[in-house]
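For reference, the structure discussed in these notes is given below.
Order of the sequence lines sets the chain letters (A, B, ...), proteins ahead of strands, with each chain counted from 1.
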Protein chains: 2
Amino acid sequence: MTKDKLYTISELAAMFDISSRSIRYYEEIGMLISENREIMTKQRSYTNRERRRLKMILRGKKLGFSLQQIKEMIDLYETNPEGDEEKRRIIEFADEKINEINEQILQLQMLKEDIISYKEKYQNHNKNSSTSVKGG
Amino acid sequence: MTKDKLYTISELAAMFDISSRSIRYYEEIGMLISENREIMTKQRSYTNRERRRLKMILRGKKLGFSLQQIKEMIDLYETNPEGDEEKRRIIEFADEKINEINEQILQLQMLKEDIISYKEKYQNHNKNSSTSVKGG
DNA sequence: CTTCTAGTTGACGTTAACGTTATCTTAATT
DNA sequence: AATTAAGATAACGTTAACGTCAACTAGAAG
(Lines give C-alpha, C1' and ligand atoms only; values in the text may rest on other atoms or scores of the structure.)
Protein backbone atom coordinates (compact mmCIF):
# COMPACT_ATOMS: atom_id res chain seq x y z
CA MET A 1 0.00 0.00 0.00
CA THR A 2 1.00 3.61 -0.49
CA LYS A 3 -0.01 4.33 3.06
CA ASP A 4 3.51 3.62 4.27
CA LYS A 5 4.78 7.11 3.62
CA LEU A 6 7.05 8.27 6.39
CA TYR A 7 7.77 11.83 7.39
CA THR A 8 10.88 13.32 8.91
CA ILE A 9 10.48 15.64 11.83
CA SER A 10 11.18 18.74 9.78
CA GLU A 11 8.73 17.67 7.10
CA LEU A 12 5.98 17.52 9.66
CA ALA A 13 7.14 20.74 11.23
CA ALA A 14 6.99 22.55 7.90
CA MET A 15 3.69 20.94 7.05
CA PHE A 16 2.02 22.37 10.15
CA ASP A 17 4.19 25.42 10.56
CA ILE A 18 5.50 24.52 13.98
CA SER A 19 8.99 23.86 15.34
CA SER A 20 10.73 20.52 15.48
CA ARG A 21 11.15 21.18 19.15
CA SER A 22 7.40 21.16 19.59
CA ILE A 23 7.12 17.80 17.91
CA ARG A 24 9.87 16.36 20.08
CA TYR A 25 8.08 17.79 23.06
CA TYR A 26 4.81 16.16 22.09
CA GLU A 27 6.66 12.91 21.80
CA GLU A 28 8.40 13.53 25.10
CA ILE A 29 5.06 13.73 26.87
CA GLY A 30 3.67 10.74 25.04
CA MET A 31 1.39 12.40 22.54
CA LEU A 32 3.27 11.14 19.52
CA ILE A 33 5.35 8.08 18.85
CA SER A 34 8.20 7.65 16.42
CA GLU A 35 8.66 3.97 15.93
CA ASN A 36 11.27 2.39 13.69
CA ARG A 37 13.82 5.08 14.14
CA GLU A 38 16.77 4.70 11.85
CA ILE A 39 19.09 2.58 13.90
CA MET A 40 22.30 4.38 13.03
CA THR A 41 21.17 8.00 12.93
CA LYS A 42 18.41 7.65 15.51
CA GLN A 43 16.35 9.92 13.35
CA ARG A 44 12.66 9.98 14.00
CA SER A 45 10.19 9.06 11.32
CA TYR A 46 6.47 9.50 11.54
CA THR A 47 3.64 7.60 9.93
CA ASN A 48 0.42 9.00 8.55
CA ARG A 49 -1.18 7.92 11.77
CA GLU A 50 1.13 10.23 13.70
CA ARG A 51 0.54 12.98 11.21
CA ARG A 52 -3.16 12.72 11.92
CA ARG A 53 -2.50 12.76 15.63
CA LEU A 54 -0.44 15.88 15.27
CA LYS A 55 -3.24 17.49 13.32
CA MET A 56 -5.63 16.71 16.14
CA ILE A 57 -3.22 18.10 18.68
CA LEU A 58 -2.99 21.39 16.84
CA ARG A 59 -6.71 21.59 16.39
CA GLY A 60 -7.14 21.07 20.09
CA LYS A 61 -4.67 23.79 20.82
CA LYS A 62 -6.44 26.23 18.58
CA LEU A 63 -9.56 25.54 20.56
CA GLY A 64 -7.84 26.40 23.80
CA PHE A 65 -7.45 22.94 25.27
CA SER A 66 -4.33 22.05 27.21
CA LEU A 67 -2.09 19.30 25.91
CA GLN A 68 -3.22 17.11 28.76
CA GLN A 69 -6.87 17.52 27.83
CA ILE A 70 -6.04 16.82 24.21
CA LYS A 71 -4.12 13.75 25.21
CA GLU A 72 -7.14 12.42 27.03
CA MET A 73 -9.35 12.99 24.02
CA ILE A 74 -6.94 11.37 21.61
CA ASP A 75 -6.44 8.44 23.91
CA LEU A 76 -10.19 8.11 23.81
CA TYR A 77 -9.99 7.51 20.07
CA GLU A 78 -7.47 4.77 20.43
CA THR A 79 -8.47 2.88 23.48
CA ASN A 80 -9.48 -0.67 22.77
CA PRO A 81 -11.74 -1.29 25.71
CA GLU A 82 -11.88 -4.64 27.42
CA GLY A 83 -14.77 -4.91 29.83
CA ASP A 84 -18.24 -3.45 29.86
CA GLU A 85 -17.11 -1.27 32.70
CA GLU A 86 -14.49 0.39 30.53
CA LYS A 87 -16.91 0.73 27.68
CA ARG A 88 -19.31 2.59 29.90
CA ARG A 89 -16.57 4.88 31.12
CA ILE A 90 -15.53 5.74 27.60
CA ILE A 91 -19.04 6.53 26.45
CA GLU A 92 -19.50 8.61 29.56
CA PHE A 93 -16.29 10.47 28.87
CA ALA A 94 -17.36 11.13 25.31
CA ASP A 95 -20.68 12.49 26.51
CA GLU A 96 -18.92 14.73 28.98
CA LYS A 97 -16.74 16.11 26.23
CA ILE A 98 -19.73 16.67 24.01
CA ASN A 99 -21.42 18.62 26.76
CA GLU A 100 -18.32 20.69 27.35
CA ILE A 101 -18.10 21.46 23.67
CA ASN A 102 -21.76 22.42 23.50
CA GLU A 103 -21.20 24.74 26.42
CA GLN A 104 -18.20 26.28 24.72
CA ILE A 105 -20.13 26.79 21.53
CA LEU A 106 -22.91 28.49 23.44
CA GLN A 107 -20.50 30.81 25.18
CA LEU A 108 -18.81 31.64 21.91
CA GLN A 109 -22.13 32.45 20.35
CA MET A 110 -22.97 34.75 23.23
CA LEU A 111 -19.63 36.45 22.93
CA LYS A 112 -20.24 36.85 19.24
CA GLU A 113 -23.66 38.36 19.82
CA ASP A 114 -22.11 40.76 22.31
CA ILE A 115 -19.55 41.91 19.84
CA ILE A 116 -22.10 42.23 17.08
CA SER A 117 -24.55 44.22 19.13
CA TYR A 118 -21.72 46.35 20.38
CA LYS A 119 -20.71 47.00 16.83
CA GLU A 120 -24.21 47.94 15.80
CA LYS A 121 -24.91 50.21 18.73
CA TYR A 122 -21.57 51.74 18.17
CA GLN A 123 -22.17 52.35 14.50
CA ASN A 124 -25.56 53.91 15.17
CA HIS A 125 -24.21 55.95 18.00
CA ASN A 126 -21.59 57.34 15.73
CA LYS A 127 -23.98 58.20 12.98
CA ASN A 128 -25.91 60.38 15.42
CA SER A 129 -23.09 61.98 17.32
CA SER A 130 -20.67 62.39 14.48
CA THR A 131 -19.75 65.79 13.16
CA SER A 132 -19.97 64.67 9.58
CA VAL A 133 -23.45 63.28 9.23
CA LYS A 134 -23.43 62.20 5.66
CA GLY A 135 -25.54 59.17 5.02
CA GLY A 136 -28.82 58.30 6.69
CA MET B 1 -29.14 55.20 42.65
CA THR B 2 -28.61 51.71 43.94
CA LYS B 3 -25.97 51.15 41.30
CA ASP B 4 -23.26 52.41 43.63
CA LYS B 5 -22.75 49.08 45.33
CA LEU B 6 -19.11 48.40 45.96
CA TYR B 7 -17.48 45.03 46.38
CA THR B 8 -14.47 44.06 48.42
CA ILE B 9 -11.88 41.88 46.83
CA SER B 10 -12.95 38.79 48.73
CA GLU B 11 -16.57 39.37 47.86
CA LEU B 12 -15.75 39.30 44.18
CA ALA B 13 -13.45 36.36 44.66
CA ALA B 14 -16.18 34.37 46.39
CA MET B 15 -18.72 35.47 43.82
CA PHE B 16 -16.71 34.00 40.96
CA ASP B 17 -14.91 31.30 42.88
CA ILE B 18 -11.43 32.55 42.20
CA SER B 19 -8.62 33.74 44.47
CA SER B 20 -8.04 37.28 45.62
CA ARG B 21 -4.60 36.90 44.19
CA SER B 22 -6.04 36.47 40.73
CA ILE B 23 -8.04 39.65 41.07
CA ARG B 24 -4.98 41.56 42.23
CA TYR B 25 -3.12 40.10 39.30
CA TYR B 26 -5.75 41.20 36.83
CA GLU B 27 -5.46 44.65 38.28
CA GLU B 28 -1.69 44.47 38.18
CA ILE B 29 -1.78 43.94 34.44
CA GLY B 30 -4.41 46.59 33.93
CA MET B 31 -7.49 44.50 33.33
CA LEU B 32 -9.31 45.82 36.36
CA ILE B 33 -9.22 49.10 38.21
CA SER B 34 -9.95 49.75 41.85
CA GLU B 35 -10.55 53.42 42.17
CA ASN B 36 -11.38 55.20 45.40
CA ARG B 37 -9.44 52.90 47.62
CA GLU B 38 -10.05 53.56 51.28
CA ILE B 39 -7.39 56.09 52.12
CA MET B 40 -6.36 54.66 55.46
CA THR B 41 -6.53 50.94 54.80
CA LYS B 42 -5.73 51.08 51.11
CA GLN B 43 -8.34 48.42 50.62
CA ARG B 44 -9.59 47.90 47.12
CA SER B 45 -13.22 48.34 46.26
CA TYR B 46 -14.81 47.42 42.97
CA THR B 47 -17.80 48.82 41.18
CA ASN B 48 -20.41 46.94 39.21
CA ARG B 49 -18.56 47.94 36.14
CA GLU B 50 -15.49 46.11 37.36
CA ARG B 51 -17.62 43.15 38.33
CA ARG B 52 -18.85 42.94 34.77
CA ARG B 53 -15.32 43.21 33.48
CA LEU B 54 -14.26 40.38 35.71
CA LYS B 55 -17.11 38.30 34.41
CA MET B 56 -15.95 38.93 30.89
CA ILE B 57 -12.41 38.01 31.79
CA LEU B 58 -13.50 34.69 33.20
CA ARG B 59 -15.70 33.95 30.26
CA GLY B 60 -12.81 34.63 27.95
CA LYS B 61 -10.61 32.32 29.94
CA LYS B 62 -13.12 29.53 29.72
CA LEU B 63 -13.02 29.97 25.98
CA GLY B 64 -9.29 29.50 25.90
CA PHE B 65 -8.26 33.07 25.24
CA SER B 66 -5.15 34.48 26.86
CA LEU B 67 -5.48 37.41 29.22
CA GLN B 68 -3.86 39.62 26.63
CA GLN B 69 -6.41 38.67 24.00
CA ILE B 70 -9.19 39.25 26.48
CA LYS B 71 -7.75 42.61 27.37
CA GLU B 72 -7.84 43.64 23.75
CA MET B 73 -11.46 42.60 23.44
CA ILE B 74 -12.52 44.36 26.60
CA ASP B 75 -10.66 47.48 25.61
CA LEU B 76 -12.65 47.35 22.43
CA TYR B 77 -15.81 47.75 24.47
CA GLU B 78 -14.57 50.79 26.24
CA THR B 79 -12.67 52.73 23.69
CA ASN B 80 -14.16 56.08 22.94
CA PRO B 81 -12.85 56.62 19.48
CA GLU B 82 -11.83 60.01 18.22
CA GLY B 83 -11.28 60.10 14.51
CA ASP B 84 -12.80 58.21 11.62
CA GLU B 85 -9.56 56.36 11.32
CA GLU B 86 -9.90 54.91 14.80
CA LYS B 87 -13.53 54.09 14.20
CA ARG B 88 -12.62 52.08 11.16
CA ARG B 89 -9.91 50.25 13.04
CA ILE B 90 -12.32 49.30 15.79
CA ILE B 91 -14.96 48.02 13.45
CA GLU B 92 -12.30 46.11 11.62
CA PHE B 93 -11.05 44.61 14.84
CA ALA B 94 -14.56 43.60 15.80
CA ASP B 95 -15.04 41.92 12.45
CA GLU B 96 -11.78 40.08 12.86
CA LYS B 97 -12.87 38.81 16.23
CA ILE B 98 -16.20 37.74 14.86
CA ASN B 99 -14.47 35.78 12.14
CA GLU B 100 -12.15 34.15 14.64
CA ILE B 101 -15.10 33.18 16.76
CA ASN B 102 -16.95 31.76 13.78
CA GLU B 103 -13.91 29.75 12.95
CA GLN B 104 -13.67 28.46 16.49
CA ILE B 105 -17.31 27.50 16.50
CA LEU B 106 -16.86 25.62 13.26
CA GLN B 107 -13.89 23.72 14.59
CA LEU B 108 -15.73 22.89 17.75
CA GLN B 109 -18.65 21.57 15.77
CA MET B 110 -16.31 19.43 13.74
CA LEU B 111 -14.68 18.12 16.86
CA LYS B 112 -18.11 17.36 18.25
CA GLU B 113 -19.12 15.52 15.11
CA ASP B 114 -15.92 13.52 15.32
CA ILE B 115 -16.62 12.50 18.86
CA ILE B 116 -20.21 11.66 18.11
CA SER B 117 -19.43 9.54 15.08
CA TYR B 118 -16.68 7.87 17.03
CA LYS B 119 -19.14 7.10 19.75
CA GLU B 120 -21.65 5.66 17.31
CA LYS B 121 -19.21 3.56 15.35
CA TYR B 122 -17.83 2.37 18.60
CA GLN B 123 -21.22 1.43 19.97
CA ASN B 124 -22.13 -0.44 16.79
CA HIS B 125 -18.79 -2.12 16.66
CA ASN B 126 -19.35 -3.41 20.14
CA LYS B 127 -22.78 -4.71 19.37
CA ASN B 128 -21.29 -6.84 16.59
CA SER B 129 -18.16 -8.07 18.28
CA SER B 130 -19.74 -8.66 21.62
CA THR B 131 -20.36 -12.14 22.97
CA SER B 132 -24.01 -11.33 23.36
CA VAL B 133 -25.14 -10.71 19.79
CA LYS B 134 -28.72 -9.74 20.20
CA GLY B 135 -29.78 -7.64 17.26
CA GLY B 136 -28.74 -8.44 13.69
C1' DC C 1 39.58 15.04 4.74
C1' DT C 2 36.75 19.01 5.69
C1' DT C 3 32.47 21.15 5.56
C1' DC C 4 27.57 21.32 5.53
C1' DT C 5 23.15 19.58 6.69
C1' DA C 6 19.75 17.48 9.39
C1' DG C 7 19.14 15.31 13.03
C1' DT C 8 20.12 13.67 18.12
C1' DT C 9 20.22 14.33 23.47
C1' DG C 10 20.73 17.05 27.44
C1' DA C 11 19.98 21.00 30.01
C1' DC C 12 19.07 25.54 31.12
C1' DG C 13 16.05 29.80 29.91
C1' DT C 14 11.45 32.04 29.24
C1' DT C 15 6.61 33.60 29.65
C1' DA C 16 1.90 33.49 31.46
C1' DA C 17 -0.91 33.10 35.21
C1' DC C 18 -1.15 32.64 39.10
C1' DG C 19 0.27 30.13 44.28
C1' DT C 20 2.58 30.83 48.44
C1' DT C 21 4.97 32.89 52.10
C1' DA C 22 6.65 36.74 54.87
C1' DT C 23 6.00 41.04 56.84
C1' DC C 24 2.95 45.07 57.81
C1' DT C 25 -1.34 47.79 58.68
C1' DT C 26 -5.94 48.95 60.14
C1' DA C 27 -10.35 47.92 62.35
C1' DA C 28 -12.94 45.26 65.21
C1' DT C 29 -13.16 42.09 69.38
C1' DT C 30 -12.09 40.49 73.66
C1' DA D 1 -3.25 45.76 75.62
C1' DA D 2 -3.66 41.61 72.99
C1' DT D 3 -5.79 38.92 69.58
C1' DT D 4 -8.19 38.12 65.31
C1' DA D 5 -9.67 39.17 60.61
C1' DA D 6 -9.18 41.17 56.25
C1' DG D 7 -6.52 43.28 53.51
C1' DA D 8 -1.89 45.34 51.57
C1' DT D 9 2.85 44.95 49.35
C1' DA D 10 6.98 42.44 48.02
C1' DA D 11 9.14 38.76 46.46
C1' DC D 12 10.11 34.18 45.48
C1' DG D 13 8.05 29.55 43.73
C1' DT D 14 5.51 26.72 40.23
C1' DT D 15 3.68 24.62 35.93
C1' DA D 16 2.93 24.26 30.93
C1' DA D 17 4.76 24.60 26.61
C1' DC D 18 7.95 25.37 24.43
C1' DG D 19 12.82 28.38 22.92
C1' DT D 20 17.57 28.20 22.83
C1' DC D 21 22.15 26.64 23.12
C1' DA D 22 25.91 23.33 23.50
C1' DA D 23 28.00 19.20 22.17
C1' DC D 24 27.65 15.14 19.35
C1' DT D 25 26.70 12.04 15.13
C1' DA D 26 25.79 10.15 10.44
C1' DG D 27 25.59 10.96 5.78
C1' DA D 28 26.12 13.84 1.67
C1' DA D 29 28.92 17.18 -1.06
C1' DG D 30 32.97 19.33 -2.56
Do any side-chain nitrogens or oxygens of B:R37 fall under 4.0 Å of OP1 or OP2 in D:dT9?
yes
Using only atom types and a distance under 3.5 Å, with no angle test, would you say the side chain of A:R51 pairs donor to acceptor with the backbone of A:L12?
no
Gap between atoms CZ and P, on B:R24 and C:dA17 respectively (whole Å)
18 Å
Do A:R21 and D:dT20 have a side chain to base donor-acceptor pair shorter than 3.5 Å?
yes
Once you round it to whole Å, what is the distance between C1' of C:dG19 and OH of B:Y26?
13 Å
Return the value, rounded to whole Å, for the distance between atom CD of A:E11 and atom P of C:dT5.
18 Å
Side chains of A:K61 and A:I18 in contact at under 4.5 Å (non-hydrogen atoms):
no
Side-chain N or O of B:K61 less than 4.0 angstrom from OP1 or OP2 on C:dA17?
no
Could you state the atom-to-atom distance from OH of B:Y25 to P of C:dT20 in whole Å?
16 Å
Strand contacts (DNA chain D) in residues 38-46 of chain B, 4.0 angstrom heavy-atom criterion
B:K42, B:Q43, B:R44
Can you check whether B:I70 reaches B:M31 side chain to side chain, under 4.5 Å on heavy atoms?
yes
Distances under 3.5 Å between nitrogen or oxygen atoms of protein and nucleotides 21-23 of chain D:
none

How about A:E103 and A:Q107: does a side-chain donor come under 3.5 Å of a side-chain acceptor?
yes
Going by an N to O cut-off under 4.0 Å, is there a salt bridge joining B:E35 and B:R49?
no
Are any of B:S22's side-chain N or O atoms less than 4.0 Å away from OP1 or OP2 of C:dG19?
yes
SB check A:R24 A:E27 (cutoff 4.0 Å):
no
So which of residues 64-75 of chain B are in contact with DNA chain C, with a heavy-atom cut-off of under 4.0 Å?
B:S66, B:L67
Give one of base, sugar-phosphate or nothing for B:I9, where a contact means two heavy atoms less than 4.0 Å apart.
sugar-phosphate
Please work out if A:T8 contacts a base, only the sugar-phosphate, or nothing of the nucleic acid, heavy-atom cut-off 4.0 Å.
sugar-phosphate
Applying side chain to side chain donor-acceptor pair (under 3.5 Å), run through A:E50 and A:Y26 and close with a yes or a no.
CA-CA 11 Å; A:E50 299 307 306; A:Y26 298 148; over 6 Å; no
Flag the pair A:E85 and A:R88 as a salt bridge only when some basic side-chain nitrogen lies within less than 4.0 angstrom of an acidic carboxylate oxygen.
yes
For A:S10 and A:A13, indicate whether the former's side chain and the latter's backbone hold a donor-acceptor pair under 3.5 Å.
no
Does A:R21 pair with A:E28 as a salt bridge, N-O distance under 4.0 Å?
yes
Separation of D:dA10 atom P from B:E27 atom CD, nearest Å, is 13 Å
Would you say A:S19 reaches D:dC18's phosphate, i.e. side-chain N/O to OP1/OP2 under 4.0 Å?
no
Rounding to an integer number of Å, can you tell me how far B:I29 CD1 sits from C:dA16 C1'?
9 Å
Can you measure B:I57 atom CD1 to C:dA16 atom C1' for me and round it to whole angstrom units?
15 Å
Rounded to the nearest 0.5 Å, what separation is found between the OH atom of A:Y46 and the CG atom of A:L54?
8.5 Å
Is B:R89 atom CZ crowded by more than 12 heavy atoms from other residues, nucleotides or ligands, each under 6.0 Å away?
no
Distance, rounded to the nearest Å, where A:I23 contributes CD1 and D:dA17 contributes C1'
14 Å
